[in-house]
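Every heavy atom of this structure was used, including side-chain atoms; hydrogens, water molecules and symmetry mates were not. Here is the naming used below: chain letters follow the sequence lines, and residue numbers restart at 1 for every chain.
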Amino acid sequence: MSAPKTAITPTRAEDFPEWYQQVIKAADLAENSETRGCMVIKPWGYGIWELIQQQLDRRFKETGHQNAYFPLLIPLSYLEKEAEHAEGFATECAVVTHHRLEAVKDEETGKTKMIPTGELAEPYVIRPTSETIIGAAFSRWVQSYRDLPLLINQWANVMRWEMRPRLFLRTAEFLWQEGHTAHETAEEAIAETRLMHQVYAEFLRDHLAIPVIPGEKTENERFPGADMTLTVEAMVQDRKAIQAGTSHFLGQNFSKAQDISFTGRDGKVEHAFTTSWGVSTRMIGTLIMAHSDDDGLVLPPRVATQQVVIIPVTPKEDSKQAVIDSCHALAETLRGHRFHGDPLRVLVDDRDLQGGVKKWEWVKKGTPIRIEIGPRDVESRKVCLNRRDRAANEKAFIDKEEFIRDAADLLQEIHDALLEKAVAFRDANITECGELAAFDAHWAQDNPGWLLTPWAGTPEEEDELSKKHKITIRCLPLDGQDGAEAPCLLTGKPTQQRAIWGRSY
RNA sequence: CGGGGUAUGGCGCAGUCUGGUAGCGCGCUUCGUUCGGGACGAAGAGGCCGUGGGUUCGAAUCCCGCUACCCCGACCA
C-alpha cells in the first residue's frame with residue numbers, strides 16, 4: 001500500500017474542521033470522553049498546557065501577582081448578586097443539588113443503583129468563572145487602601161455547559177487561569193487591565209508564534225458585567241477569528257454587588273475597582289489551527305514537550321549499539337544547552353520500530369527538530385537534520401558540533417519562521433473596506449478574511465449586520481483608533497473609530 | 001433547546017429491510033523476510049452486538065421505553 005501524499009486526510013483545503021480533528025488525533029493530543037462535552041487531555045497535549053502554564057505563570061509573578069485557589073462550587077446566591085453577570089452565564093451552568101448517594105438494590109436484576117439523596121437547601125453552581133466567589137473573599141480581605149492593590153491569579157478548571165463542544169476550542173470543562181485584582185482607583189485598575197492584555201499579546205507572539213490584533217470589544221461583545229473588555233484576536237488558517245485571551249475592567253460593578261470596600265486615604269469608605277483576565281486551553285486549539293499543516297501538528301519550540309527528537313537509524317546489528325550510544329550522548333550534550341532559559345528538551349526515540357513509522361509519528365506530533373543518526377553519520381560526525389517548519393522530506397546533513405552549537409538558535413529560527421508566516425497570512429487577509437456594498441459582498445465568499453472598517457454604528461446596528469452575515473466585530477483595534485476621520489461604513493457619520501469584522505470560533 | 005443521525009472486539013465499519021447465537025479493514029501479539037525507513041508473509045489474541053423490557057422454539061436483526069454520543073441550527077473562552 002502506498003503512503004498517502006499527506007499524513008493527514010482530509011487536507012486543510014478539503015475540509016478544515018475535519019482536518020483539525022484529525023490533527024488532534026494523529027498528534028495524540030486529546031480525545032472526547034464519555035462525559036458529555038468534556039475531553040481527556042493526553043500527555044502530548046497536556047505537556048503543551050504545562051509549558052504554557054509555566055511560562056505564563058512566570059510573567060504573572062514578574063508583574064506582581066500571586067496564585068491562590070478558590071472553591072469549585074459557588075453558592076447559587078453569589079451568582080445572583082450581579083444581575084448582568086448572572087444572566088450572561090445562566091444558560092450554561094451545571095448545578096449541584098445533592099450531597100450524597102444511596103445504594104438501592106434492584107430485587108429483580110440484583111444490580112445496585114445509586115440514587116442521589118440529601119438535597120441541598122441551597123444548590124451550588126460549578127464555577128463558570130470565579131468573579132463572584134473570589135469577590136466574596138476580596139470583600140473580607142480588603143479593609144483599607146493599604147490592602148490594595150490585591151493581585152491574585154488562580155489556575156483552575158471551569159465548566160460551561162456549551163451546546164456544541166469542540167476539542168480544545170469549546171469544551172464543557174476547560175482549564176484556564178483567571179486573574180482577579182482589586183484597586184484603589186479606576187485608573188490603576190484600567191492600567192492593570194491593559195498590562196495583562198499586553199502580557200497576553202506578547203505571550204502569544206513570543207511563545208506561541210501567534211500574532212494577534214489587540215483591541216477592545218464593543219458593548220455587544222463585552223464580558224457580562226464588565227465596563228471594558230480587551231481582547232487579543234488571532235486569525236487561524238481558515239481565516240476565522242479566535243479570541244485568544246481577554247482582560248476585563250469591571251469598574252465597581254462587582255465591588256458594589258459584593259461589597260468590596262475600603263477606607264481610603266481621606267478616611268471615606270469607597271468601593272474598589274476590579275479586573276479579571278484569563279486564557280484557557282482554547283489557546284491550544286488556536287495554536288493547532290494557526291500553525292499545523294497537512295502533515296499534522298506544528299509546535300512552536302517554546303511549548304514543544306520535546307524540542308528535539310533523535311531517531312537512531314540502525315540498519316546493521318553490529319553497529320546498532322554504537323549508534324544508539326551516540327544518540328544518547330548527543331541528547332545529553334544538548335540538554336546542557338538552554339533555550340530562553342530552559343534546558344533543551346531532547347528525546348531519543350530508541351523504540352524498536354521501523355524508522356519510517358517513527359519519523360512520521362514525530363512529524364504528526366509536530367516536534368520542531370528531528371535528528372536522524374545512522375552508522376555512516378556516527379563515523380563522519382554528522383547528523384541528518386529535519387525541521388518541522390520545512391517539508392517533511394527535506395533533510396540536511398550537517399556537522400554534529402555545528403548542530404550542537406546552533407541548536408538553540410535553530411529553535412529560535414523555527415519560531416521566527418512560524419511567526420513570520422502567520423503574520424504574512426493574517427496581513428494578507430485583513431482588508432480595509434469603507435463601502436457597504438463591498439462589505440456585504442465580502443461575506444458571500446468561502447472562508448472570508450477580516451474587514452477593517454470605519455465604524456460609528458449603534459449596538460443595534462452592529463447586531464443587525466452581525467446577524468445578517470454571521471459575523472461579529474472582533475475588536476476595535478488599539479492601533480488605528482486615532483486615524484483620519486472617515487465615514488462610517490453603515491451610517492456615513494464621520495468617525496475615527498475602526499472595527500475589525502470576521503467570522504469566529 | 002429545536003431538527004437529523006448513530007450506538008457491533010482498541011479504532012473505523014458491514015451485517016438489521018428478508019430473525020437462526022458475528023464478519024471485514026486498520027491496530028495489537030508471536031515468528032520469519034525486509035528496512036537510511038510510514039514494507040511484506042504466516043499464525044494468533046480480542047466482542048454475550050449501548051441499556052431495560054416485550055414478541056418468538058430462537059433476536060445484533062422485529063416492537064416499546066431509557067441513556068449516551070455525533071452532525072446541522074440558536075448560545076458561547
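As rounded to whole Å, 11 Å separates atom P of B:C28 from atom CZ of A:R351. Going from atom CD of A:E361 over to atom P of B:G27 covers 14 Å, rounded to whole Å. In this structure, A:W360 atom CH2 and B:A39 atom P are separated by 12 Å, rounded to whole Å. When rounded to the nearest whole Å, the span between CG of A:N386 and P of B:G38 equals 14 Å. Distance A:R503 CZ to B:C76 C1': 17 Å, rounded to the nearest Å. Regarding A:F168, its CZ atom lies at a distance of 19 Å from the C1' atom of B:C76, rounded to whole Å. Rounded to an integer number of Å, the gap from A:M283 CE to B:A77 C1' is 11 Å. Between the CZ atom of A:F89 and the C1' atom of B:A77 there is a distance of 9 Å, rounded to whole Å.
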Could you list the donor-acceptor pairs under 3.5 angstrom formed by side chains in residues 199-218 of chain A, with sequence neighbours left out?
residue: A:Y200; atom: OH; partner: A:Q177; partner atom: OE1; Å: 2.5
residue: A:Y200; atom: OH; partner: A:G278; partner atom: N; Å: 3.1
residue: A:E202; atom: OE2; partner: A:Q198; partner atom: NE2; Å: 3.0
residue: A:H207; atom: ND1; partner: A:Q55; partner atom: OE1; Å: 2.6
residue: A:K217; atom: NZ; partner: A:E233; partner atom: OE2; Å: 2.8
residue: A:K217; atom: NZ; partner: A:Q243; partner atom: OE1; Å: 3.3
residue: A:K217; atom: NZ; partner: A:R474; partner atom: O; Å: 2.9
residue: A:T218; atom: OG1; partner: A:E462; partner atom: OE1; Å: 3.2
residue: A:T218; atom: OG1; partner: A:E462; partner atom: OE2; Å: 2.8

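Heavy-atom distances under 4.0 Å link RNA chain B to A:Q354, A:G355, A:G356, A:V357 of residues 352-359 of chain A, given in residue order. Within residues 306-321 of chain A, the residues approaching RNA chain B are A:V313, A:P315, by heavy-atom distance under 4.0 Å.
To the nearest whole angstrom, the two C1' atoms, one in B:C64 and one in B:U56, are 16 Å apart. Rounded to the nearest Å, the gap between the P atom of B:G9 and that of B:G50 is 8 Å.
Contact record, A:T171 with A:R166: CG2-O, 3.7 Å, taken as the closest heavy-atom pair. Closest heavy-atom contact between A:D28 and A:W44: O-CB, 3.6 Å.
Within the structure, every pair that satisfies the side-chain hydrogen bond (donor to acceptor under 3.5 Å, both in side chains) test and touches residues 277-288 of chain A, not counting sequence neighbours, is listed here: A:E192-A:W277, A:T275-A:W277. Residue pairs meeting the side-chain hydrogen bond (donor to acceptor under 3.5 Å, both in side chains) criterion with at least one partner in residues 317-326 of chain A, sequence neighbours excluded, are A:Q321-A:D325. Listed by first and then second residue, the salt bridge (Lys or Arg N to Asp or Glu O under 4.0 Å) pairs involving residues 234-245 of chain A amount to none (not counting sequence neighbours).
Taking A:N32 as the reference, A:L167 meet the side-chain contact (heavy atoms from CB on, under 4.5 Å) condition, with sequence neighbours excluded. Legend: residues meeting side-chain contact (heavy atoms from CB on, under 4.5 Å) with A:S130, ordered by chain and number and at least two apart, are A:R127, A:I133, A:I134, A:Q154, A:E178, A:H180. In terms of the ring pair (Phe, Tyr, Trp, His ring centres under 6.0 Å) criterion, residue partners of A:W501 (sequence neighbours excluded) are, by chain and number, A:F439, A:W455.
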Could you encode protein contacts along nucleotides 67-75 of chain B as a string, one character per nucleotide from 5' to 3', using B for base contact, S for sugar-phosphate-only contact and - for no contact, with a heavy-atom cut-off of under 4.0 Å? -SS--SBBB

For RNA chain B, what dot-bracket results from Watson-Crick or G-U pairs at under 3.5 Å, with [ ] for crossers and | for inter-strand partners? ((((((((.[[[[.)....(..]]]].((((((.....)))))).....[[[[[..)....]]]]])))))))....

Please evaluate residues A:W362 and A:N386 with respect to the criterion side chain to side chain donor-acceptor pair (under 3.5 Å), reporting the C-alpha separation (whole Å), side-chain torsions for both, the decisive distance (0.1 Å), and the verdict. CA-CA 11 Å; A:W362 293 113; A:N386 298 265; over 6 Å; no

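The ring of A:W176 does not lie on top of the base of B:A77; it is either too far (5.5 Å or more) or too tilted (30° or more).
Using a 4.0 Å cut-off between a side-chain N of Lys or Arg and a carboxylate O of Asp or Glu, A:E84 and A:R222 do not qualify as a salt bridge. The pair A:R388-A:D293 meets the salt-bridge criterion, since a charged nitrogen lies less than 4.0 angstrom from a carboxylate oxygen.
Heavy atoms of A:I242 sit nowhere under 4.0 angstrom from any nucleic acid atom.
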All N/O contacts under 3.5 Å from nucleotides 2-11 of chain B to the protein, with atom names and distances to one decimal?
none

